[in-house]
Every structure is written in structure tokens, then in C-alpha cells.
Amino acid sequence: MKKRMLRAAACLSAVLVILCSCGDEQAREEYHLEENNKLVIYTSHKEEIYGPIVKEFEERTGIWVEVVTGGTNDLLERIEEENGKDSGDIMFGGGVDSLNAYQDYFEPYICSQSDCLDDSYASADGVYTVFSKLPIVIVYNKKLVISAGTPRSWKDLTNSHWKGNVAFADPDRSGSSYTALLAMIQILSEDMSKEEVMEAFVINLDGDILSGSGEVLQEVTAGKKLIGITLEETVLKEIDQNADIGMIYPREGTASVPDGTALIKNAPHRENAELFIEFTVSEDVQRLLEDHLYRRSVRKGAENEEIKEMRYDLDYSEQYREEILTEWRALTGQ
Amino acid sequence: MRAVIRKSFKRELFLCFIVVALVPLVITGCFLVSILKARLSRDYEEKTQEQMVSVEMRMTGVFDEMEQVADEIMADAVIVDGITQTDSWLKNKAYNKLYEKTQDLREVAWFHVYDAQGRCSLSTSPQAAAGELPAYWGILKVARTHSQEMILRKASRVRQSSDGLCLQGARAILDEEDECLGFVVVDMTETHFETILSGAYDEQNGIAVLDSFWEDVYSTKMAKEEALAQTLRTRRMAGEDLRQITDGITFFIAPIEQTGLYLILGKEPVFTQDVTNMTIGVMMIMTVCSLLLCIVAAGMMSNYLTSPVKKLLQAMARVEGGDLDVQIKSSRKDEFGQLSASFDGMTRQIKENLVLQVRQQKELNDSNIAMMQAQLNPHFLYNTLDTIKWVAKAHHVSELATLASGLAKILRTSISEAQFISLSEEVSLVCAYMDIQKIRFDGNFSYDVELPLELEECMVPKMIIQPIVENAIIHGLKEREHGHIFLNIYEEQKTLYIEVYDDGCGMDESILGLLRARNREGLKGHIGFYNVDTIIRLHYGTQYGLYAENQAQGGARVQITLPVIQK
């Protein structure tokens with residue numbers, strides 16, 4: 001009796017299951033992507049930079065690119081954490097000093113076009129491949145400062161004439177600010193010690209330090225500060241939007257530390273990643289950087305106007321990083 | 001549970017009815033829902049496919065026209081000349097030509113003519129300058145290398161914001177020496193797409209156009225909200241299933257021919273959670289309703305079927321207890337009715353048989369007595385007793401005379417043919433009996449008789465009081481110095497009451513119980529009571545009979561009830 005009932009119940013439920021399942025037909029997987037047709041890029045660039053380049057790369061190679069965006073330090077920490085497991089293929093963006101600091105997590109790759117590239121900041125081991133140059137400039141409000149009265153050099157920035165009128169982001173938070181501070185220290189190192197430079201500069205800032213590099217231009221265009229220290233790229237972009245500001249390359253030369261691209265260790269799509277690195281330094285991309293993206297090409301013989309570049313010591317900046325930032329915090333009372 | 005159900009026919013029936021009513025309902029319900037679901041989904045899919053085809057037709061139609069217009073522009077010397085023209089009059093002529101050529105399509109696209117370096121020279125865009133496109137980059141580069149066809153790309157304009165710009169088409173203008181003279185560029189904005197697609201699809205659906213890398217070219221509001229394009233691209237990149245169960249919408253994908261573009265249509269699923277819940281809800285309510293109905297109907301039905309069985313069972317129990325007057329008298333015409341009728345017939349038959357048997361027994365008894373009477377002539381006995389009486393009188397032995405005349409009286413009555421005698425005769429018989437016993441027991445007891453005159457001629461079965469009195473003398477007054485017996489006869493409401501009181505030791509409770517239960521076997525030694533009771537019942541029916549009890553002040557009271565029957 002019990003057995004018969006069980007059997008009946010089983011038959012009934014089988015019928016029900018068949019009835020219910022006939023409606024659900026899973027979509028066929030006809031849009032399958034081959035693994036060797038993919039590339040995962042970690043980038044700290046803004047969308048306006050990576051967008052056209054990634055798109056063009058896709059169109060030219062047929063490789064599908066997944067873009068993971070984030071701040072330079074966040075992405076580098078992520079790479080460190082992933083340590084070659086389930087990681088991306090490439091780190092696109094970030095100053096070469098930062099990339100160098102994480103060299104353990106990158107696969108050396110010597111770009112085939114390295115002969116055509118500016119080698120002043122090239123990595124000897126091929127940890128990274130330079131992408132674009134980002135000179136640091138002094139920006140000033142054209143309405144408030146006549147061009148004859150603008151600061152001309154790093155030295156001028158320590159002049160008490162500009163006290164309380166300099167827009168400068170916290171080097172603790174902004175990579176470009178740290179580069180600017182180190183450039184100043186290195187340039188002025190003949191006459192002054194690094195402590196003296198920092199002290200004089202901090203006095204000129206008059207206790208008003210901006211929290212991010214984006215604020216520098218806002219402060220200057222709004223006229224809250226007369227001059228500011230920031231990247232050439234942002235100033236050019238702002239000038240193109242018809243902002244009434246001017247730009248000065250310091251007479252002693254300026255730091256033009258490039259950003260770069262690095263191959264992540266154990267990259268799952270290594271061949272595609274190499275293709276991408278080659279593409280980033282290709283003539284077309286570098287030309288686009290200069291023509292449309294306000295950046296300087298890293299290719300030799302590029303068309304942009306020459307500026308005087310200082311010899312920025314990457315090792316020095318890395319070596320004294322903690323010391324300088326501690327001193328900075330002490331001086332600014334943070 | 002099962003044991004409880006199996007114990008009752010009614011419960012078994014009840015369960016059976018419920019199962020029979022509910023199981024088909026649930027199965028049909030499931031059937032219906034899944035058929036409905038499958039059917040709806042198919043219709044829905046077909047409808048969607050139609051919409052997709054209509055959207056695709058619109059777009060490919062526009063693309064074809066665009067290509068034609070681009071061909072015409074390229075072939076027009078005035079426009080091509082106008083690219084490098086600085087003379088405003090000639091430029092104006094070129095513009096006129098361009099507007100003339102593009103008049104049919106200006107609603108759905110902007111046409112530009114770029115020079116070989118990628119600078120915009122002529123444009124139908126209402127905005128001022130269309131700016132420049134790098135000739136070494138993107139769409140212009142591809143157009144230059146594939147000069148035979150129109151290249152379609154997701155629009156991108158470096159440097160300027162490309163607000164609202166969706167799709168860009170380009171075609172290189174070449175001279176005879178294959179030198180590039182410039183480009184015809186077509187821009188399509190969101191507004192243009194809306195114009196093209198308006199009415200081609202259901203507004204509730206989301207439409208998205210993706211490029212060959214599944215990046216969003218154009219999305220309607222709904223598609224944007226659902227992030228259709230991004231979701232699909234992420235899934236395709238991750239190698240996941242494109243359609244996932246958790247999706248709030250279903251979508252359909254189809255490539256648009258010869259463009260490298262894909263058309264996506266996103267739709268609220270036909271069976272949303274709401275609809276499914278509602279269907280299940282309706283089914284539940286229906287099930288509950290039918291369950292209630294079923295319980296009521298099954299209850300009534302099983303009652304209807306089991307009540308005659310129950311009645312029959314009760315009647316059977318009464319018959320077992322000896323009550324043969326039981327009749328079911330069912331008014332039903334079905335098998336249960338027939339069964340009841342046969343039962344009634346059966347009890348009737350049994351009763352008749354019983355009466356017949358009793359009568360036969362009685363006849364047998366009568367013949368036995370007659371036989372005994374034949375063996376010894378009672379008249380001889382009677383005459384002898386009479387002689388003894390007279391001899392005793394002659395010798396002045398009065399007690400012997402009394403004994404002889406009493407015994408003669410008793411003998412005469414008991415051997416007479418008559419079954420019924422008058423009450424006065426019965427009483428005098430009892431008195432004679434008591435006189436004899438008085439002499440026998442040496443005058444240890446006395447007696448009184450109360451017989452109203454009008455009852456003297458009442459007819460009663462003979463010898464019904466004597467066994468009671470005998471019992472009172474032998475058992476009740478046993479070992480008493482002085483006892484008293486009181487015989488009281490009276491009539492009340494056509495019923496004759498004959499009561500025998502004694503002041504003896506009373507009757508055992510166990511005997512009284514046996515009497516009430518009419519247990520013949522247990523009444524040994526008091527069989528007289530049982531016989532009296534049986535005789536009365538047989539003659540007059542069960543409402544008459546014998547009743548005995550102990551009096552509160554001591555002694556027993558035995559009451560006989562009879563109908564009053566005058567001679």
C-alpha cells in the first residue's frame with residue numbers, strides 16, 4: 001500500500017516537473033568570446049584619455065578590452081594584493097616612480113619601439129614603458145597678475161611677495177604636488193638645504209594647503225589665489241575652455257616625470273597586453289596625445305615646442321619620500 | 001492518523017471524496033498555468049521578433065539612403081570643390097548643393113564634409129563648427145583604407161564633448177589617382193535615432209544599439225535605466241550566460257546586417273514575479289474554495305451514505321438485546337432502502353417464529369398435564385381428600401379437616417381446565433394455601449387480605465399470587481417468631497395492582513438485580529417469580545409484569561400489574 005502510494009506520488013511529481021520545465025529554454029550561448037581575444041586593463045587615467053585609446057585599440061585589433069578604473073595607489077595596492085592571481089593584464093597610468101615602487105608585481109617588457117622613445121626616465125629593466133610627459137608649470141590669473149609680474153622661476157616661489165597667494169595641493173595626497181616639491185628642492189639644492197626650501201615655501205603658502213590637485217586651478221581661475229603649481233595638461237585644457245589664465249615654465253627647467261604602462265605579472269592575456277603597450281607608444285596614439293589630449297609625447301622628435309627640462313632624480317625622490325613628507329607635516333602643523 | 005481514518009467508514013469515504021476532488025483540480029491547474037505560460041511566452045517572443053525586424057528595417061533603410069546620399073555628394077564636383085574653397089560665393093554654392101542633396105535625410109542625420117586633414121569644411125549641423133577629426137585615427141583612418149564603403153562607428157570626438165552624438169558614418173572622397181580629397185561624415189544623434197525609431201517599437205520596451213564590441217551606441221531611456229548595454233558587455237566578457245534568471249527584464253539580441261552593429265530589445269518579462277504570484281494566489285484561493293466546498297459536500301455525502309448503515313447497526317444491537325419490535329422504516333428507494341426493508345422483514349419474521357414457538361411449547365405443556373391427569377384420576381384424589389375431611393370432622397380433628405379441605409381446593413383449582421379464574425377464587429386459593437402453611441408452621445405468622453368488592457370478579461391467570469406468597473413465607477419469614485403477610489389488591493387507571501407485603505428479612509439485592517434483568521438461569525430457587533412475570537408478559541404484553549423491592553422499614557414488597565378484565 002505504502003509502496004504504491006509512493007510510486008503514484010513519484011509519477012505525479014515527474015509529470016509536474018516536465019510540465020513546468022518546458023517553458024524555460026535557456027538562451028543558447030552563441031556569443032562566446034575566446035579567451036585569447038580579451039584584455040583587462042587597470043587604469044588610473046581619466047575616461048577622456050583611456051576612452052579613445054582603448055576604443056581605437058579594440059577597433060584595430062578586434063580584442064575586447066575590459067577597463068577597471070581607480071586611483072593609482074588603489075590599483076597598485078590591488079595588484080599587490082592579487083599578486084598575479086586573477087589579476088588584470090596591464091597597469092595603464094600612474095607616475096613611473098609609483099610603478100617602479102611596485103616593480104615586484106610587474107613583468108619586465110622592453111618595448112620594441114624603445115629606440116624611438118625619450119630615454120630620460122626609461123626603466124632599465126623594462127618594468128614600465130613611458131606613456132606621456134607631464135611637465136609641472138606655474139599657472140597665474142591673467143586678470144590679477146600682469147605677465148611682466150609673474151614668477152619666472154622656482155626661486156621666485158619662495159619669495160615673500162607671493163605670501164598667501166600660492167595655490168598648492170598637499171603633497172601627501174597629490175602625486176604631482178610631491179613631484180613639484182621635489183623639483184623645487186632639487187633645483188634649489190645648490191643654495192639651500194631641503195629643510196630651508198620647504199620652510200620658505202610653507203611660509204608662502206600661509207597655512208592654506210589644498211586637499212587635491214584639482215582645486216589648484218579652481219582657486220586660481222576664481223581669483224582666490226593669484227598663482228598656482230600644477231600639471232601643464234590641466235592648464236592647457238582649462239585655457240582651451242577659454243579660462244583667462246596664463247602658464248609659465250620655470251626658468252631653471254621643470255620636472256616632466258612621465259606616466260607609464262606596465263605589464264602585470266602572470267597576465268592571463270599577455271600577448272594582447274604586449275600589443276597594447278606597443279600601441280600606447282605608437283605614432284598615432286602619441287600624436288593624438290599632443291593634438292587633442294593636452295599631453296606631451298614621449299617619442300623622440302615630437303612636434304611640440306621645446307621646454308627646458310631639469311634632471312629630476314627619481315631615486316632621490318623615492319629615497320627621501322618619508323623624510324620629506326614627515327618634515328612637511330611638521331612644518332604645516334598637520 | 002491512518003488508524004483513525006480506517007476505523008470509520010465515514011472518514012474513509014470523506015477522505016476519498018476530498019482526494020478525488022482535489023487532485024484533478026491541482027493537476028489541471030498546473031497544466032493550465034504551464035500551457036498558458038508557454039503559449040504567452042511564444043506569442044510574446046514572436047511579437048518581439050516582429051518589432052526587432054521592424055526596427056532593424058527602419059535603420060538599415062536609413063543607412064542605405066545615407067550611403068546613397070554620400071555617393072551623390074562624393075560625385076558632385078561643386079561640393080568636392082567646396083572643400084578647399086575659400087571664396088565665399090563658391091563655398092555658398094557648395095553648401096546649397098549639400099543641402100539640396102541631403103534634404104530628405106536632414107531629419108535623421110547631419111552631413112559634414114571634412115578635408116583630407118580631418119578639418120570640417122561643410123556641415124549641415126545646426127551647431128557652429130563640427131570641429132576636427134584626426135585623419136590618422138579612428139573612423140577617418142578606416143574610411144581612408146576602406147574607401148569602397150560607408151564605415152559606421154560609435155561616435156567619438158576627441159577633445160570636444162560629443163553630447164548626444166551616437167553613431168558616425170564616414171566615406172573617403174578619392175580622386176582618380178586614389179588621392180584623398182576629403183571625407184563625407186554623417187553624424188547621428190539621439191534625437192535622430194528617436195526620429196527614426198519612433199513608432200517602430202513599443203515604448204515600454206528598451207531599445208539599444210551596440211557596436212561590434214557591444215558598447216552602447218544608442219539607448220532609449222528604459223535601456224539606459226536598465227544599463228542593458230553595460231550588463232550585456234560585462235557578461236559577454238566574463239563568459240557568463242547572457243540571460244540570467246535574476247534579470248528584471250528579458251532581452252533579445254540580433255545583429256544588424258552589414259553594419260557590425262547589434263540591436264538589443266529589452267522587455268519586461270511576460271511572467272513577472274507579480275503575475276506569477278497572482279496566478280499562484282488565484283490557484284490557492286481556488287483550491288481553498290474547492291477544499292471548503294469539498295469538505296461540506298464530502299461531509300454531506302458520506303453522512304448520506306453512512307447513516308443507514310449506522311441505523312442498521314443500532315437496530316441490530318437492539319435485536320441482539322432481545323428487542324424484536326425494532327423497525328427501521330426507511331423511506332429510501334436505493335439499495336440501503338431495500339436493505340432496511342429486508343431487515344424489518346427479518347425481525348418481523350423472527351418475532352412471529354418466536355410466538356409460534358411459545359405457542360407450540362404451551363401446547364406441549366398442556367398435553368403433558370393432560371397426560372399426567374390421565375395417569376392418576378384427579379377426581380379420585382379429590383374425593384379421597386373430601387372423605388378425609390369428613391372423617392376428621394366426625395372425629396373432631398378440625399385441623400386435619402382444614403388441611404384436607406384446603407388441599408382439595410388447591411388441587412381442584414390447579415387441575416381445572418380453565419386458564420383464567422376470578423380474583424376472588426384466586427384469593428381464596430391463596431388463603432387456603434396460607435391456612436395449610438399456618439398449620440405447618442405452627443401458627444407462626446398471620447395474614448390479612450384487602451380485596452375490594454368490585455374487583456372480585458376480575459379475571460386473572462390462575463396461580464399467580466400463590467408463588468409470591470410461598471416465597472414470602474419460605475424465604476421472607478424463615479426463622480421468624482411472628483410474621484405478617486399483607487395482600488393488598490386495588491385498581492388504578494384500569495390497571496390492577498396486586499401487592500404482597502411481608503415484614504421478614506427482605507430480599508437479596510443480587511436477586512432483585514437478577515429479577516430486573518429477567519435472568520432465568522440466575523433465579524434458581526425463585527423461579528416462581530420468573531414464571532409469574534413470563535406468564536403475565538406473554539398474556540398481556542411487556543408493559544405488565546412483576547416488580548419486587550425491599551421496604552424501608554424491613555421486609556419485601558412484590559407488586560404484580562395486570563389489566564383489569566371483568567368477567
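Residue numbers start from 1 in every chain, and the chains themselves are labelled A, B, ... in the order their sequence lines are given, proteins ahead of strands. Computed from a predicted structure; not experimentally measured.
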With sequence neighbours left out, what residues match A/Y42 under ring pair (Phe, Tyr, Trp, His ring centres under 6.0 Å)? none
Under 4.5 Å from any heavy atom of chain B, what part of A/L39 do you find: side chain, backbone, both or neither? backbone
Heavy-atom distance under 4.5 Å to chain A: side chain of B/R153, backbone, both or neither? side chain
Just distance, no hydrogens or angles: give the donor-acceptor pairs under 3.5 Å from side chains in residues 18-29 of chain B, sequence neighbours left out.
| unit_1 | atom_1 | unit_2 | atom_2 | d |
| --- | --- | --- | --- | --- |
| B/T28 | OG1 | B/P24 | O | 2.2 |
| B/T28 | OG1 | B/L25 | O | 3.3 |

Please determine whether the number of non-hydrogen atoms from other residues, nucleotides or ligands lying under 6.0 Å from atom CD of B/E257 exceeds 12. no
Salt-bridged, B/K141 to A/E59, with N to O below 4.0 Å? no
So what's closer than 4.5 Å to chain B heavy atoms on A/K237: side chain, backbone, both or neither? neither
With chain B, the option among A/L33, A/V285, A/N37 that has the most non-hydrogen atom pairs under 4.5 Å is A/L33
Considering only heavy atoms, which portion of A/V40 lies under 4.5 Å from any heavy atom of chain B: side chain, backbone, both, or neither? neither
A/S44 and side chain to side chain donor-acceptor pair (under 3.5 Å): which partner among A/D259, A/T72, A/D74, A/T69? A/T72
Is B/F251 in contact with chain A via its backbone, its side chain, both, or neither, using a 4.5 Å heavy-atom distance? neither
